[in-house]
Amino acid sequence: MKTMILTASTGGGHNRASNALKSYINTHDPESDVRIIDAIEECSSVLNFTVVKGYKALVTLTPSLFGKIYKNSDKKSPLSDTVTFLYQQCAKRLKPVIDEYMPDVIVSCHPFAGAILGYMKEQFGYTMPLISIVTDFLPHRTYIANGINAYVTASAQAKEILSTEYEIESDRIFDYGHPIFDRFYEGNGRTREEVLNELGFDPDKRTVLIMAGSFGVTDILEIYENLLTIDADYQIIVITGRNQKLYDAFDKLLHDEDEIVTDEEPEFLSWIGEDSVLRYMYDQSEQVIDILTRTFRHKIENRKPTKLFFFIDNVDDYMHASDLIVTKPGGLTTSESIAAALPMVVFKAYPGQEEQNAALLVENNIGVIMESSETAAQTVGDLLKSDTKLDEMRESCRRFVHKDSCRRIYELAKNLVENKE
């Protein structure tokens, strides 16, 4: 069976979901043919740059504006009509790709991609089944399109909203969870003892994992310094992802080097003038970073054992080795944490889907919200000192988790193809 998986690079979760599903299919059905397509990049490299960079700029620089756009685009409006126009233009570029490969089934891991293909099925008469995976924990109107045969959700609430608010037939909604690599599920992969011993850590100590790649340098240094004031014996793992500036600043901080702040500037600064308000805000934040790191150096007695990593492909090892995770509540990171039965402390959720994800975590006793970097010690400390609370949150993860998500999604795809024939 030929499977096309559509994704887009507005956040890493869509690509991780796509790669997890492809890996499962290749492993369990080696005669299959799977192809991942970045739908927006395929439409136009200029559009992809605008959408991806624009998304990052909106959520980091003007999160409240992003929240308003997210909310307004969840209802019929001139904004949604504009989005439809973009679908039409993208369809012209994607048609040759579809025609050349002619998949038996298409799985979309991004709302725009799914909507574009739904439009294409109507316009060009494509008959292959189309599955749309809702990659957050609650749906949004951008996921809804004619031509979609099945929706896959990661929460009962999402299934209910699709049925009641968006009037999707219940027999087209499947609460199978996000596609994640099997190694994230509790009990799979390496043991806690093996991983912590390899790091030179004590397996009997509490371990806090900080997924810091989406945080600003100022945020993570404030959080880290605040965590060091917790009166508890524990150890810390920090993963910065591909955030080179954050890694460099943190590495120098841990090693007491004189120069903490790197000279590298964010890419968006090259788009603006020297007199811009954004330039001023950035320069001021650099001064805050320097003050924070100098303050930290005078508190050596507070330090905790800490391991720092850049981008790695074995995040699952450190999830299984940890007692809780401090992270932003992106859809896939949240699903991976839940699969690992790892209690979550979520910080700085963007208005829109991340705020919705965070609220769902609290409602289901899977996570707690860190209101600010200054409250890190209180929020994390309360959990580290309560075996009962952590155990309850782990049990909540086990009740909420969707087991075998990739297997169930692929079986759904095969069933849709068979029934079509």
Is the shortest distance from a Lys or Arg side-chain nitrogen in D202 or K205 to a carboxylate oxygen in the other one below 4.0 Å? no
Check the side chains of K328 and N357 for a donor-acceptor pair under 3.5 angstrom, ignoring hydrogens and angles. no
With a 4.0 Å cut-off on N to O distance, would you call R394 and E186 a salt bridge? no
Under 3.5 Å: donor-acceptor pair, side chain of S386, backbone of D382: no
How would you list, by chain and number, every residue that makes a salt bridge (Lys or Arg N to Asp or Glu O under 4.0 Å) with R192, sequence neighbours excluded? D323
Looking at T375 and Q378, would you say the former's side chain and the latter's main chain have a donor-acceptor pair under 3.5 Å? no
Could you give the distance from OG1 (T333) to CG (L342), rounded to the nearest 0.5 Å? 11.0 Å
For the residue pair S373 and D219, confirm or rule out a side-chain donor-acceptor distance under 3.5 Å. no
dist I409:CD1 -> I133:CD1 (nearest 0.5 Å) comes out at 4.0 Å
Polar side-chain atom of T306 near backbone of K304 as donor-acceptor pair, under 3.5 Å: yes
Do the ring planes of F137 and H178 sit parallel (below 30°), tilted (30 to 60°) or perpendicular (above 60°)? perpendicular
Any side-chain to backbone donor/acceptor pair from R172 onto I148? Under 3.5 Å, distance only. yes
Short side-chain donor-acceptor distance under 3.5 Å, S405 and R408: no
Is any NZ, NE, NH1 or NH2 atom of the basic residue among D175 and K159 found under 4.0 Å from an Asp or Glu carboxylate oxygen of the other? no
When rounded to the nearest 0.5 Å, the distance separating OG1 of T153 from NE2 of H402 is 6.0 Å
Is a side-chain donor or acceptor of S396 paired with a backbone partner of E392 at a separation under 3.5 angstrom? yes
Backbone of E160 reached by a side-chain donor or acceptor of S163 within 3.5 Å: no
Does either side chain, that of S108 or that of Y143, offer a donor lying less than 3.5 Å from an acceptor on the other one? no
D251 side chain to Y247 backbone, donor-acceptor under 3.5 Å: no
Inter-residue atom distance I210.CD1 - Y224.OH, 0.5 Å rounding: 7.5 Å
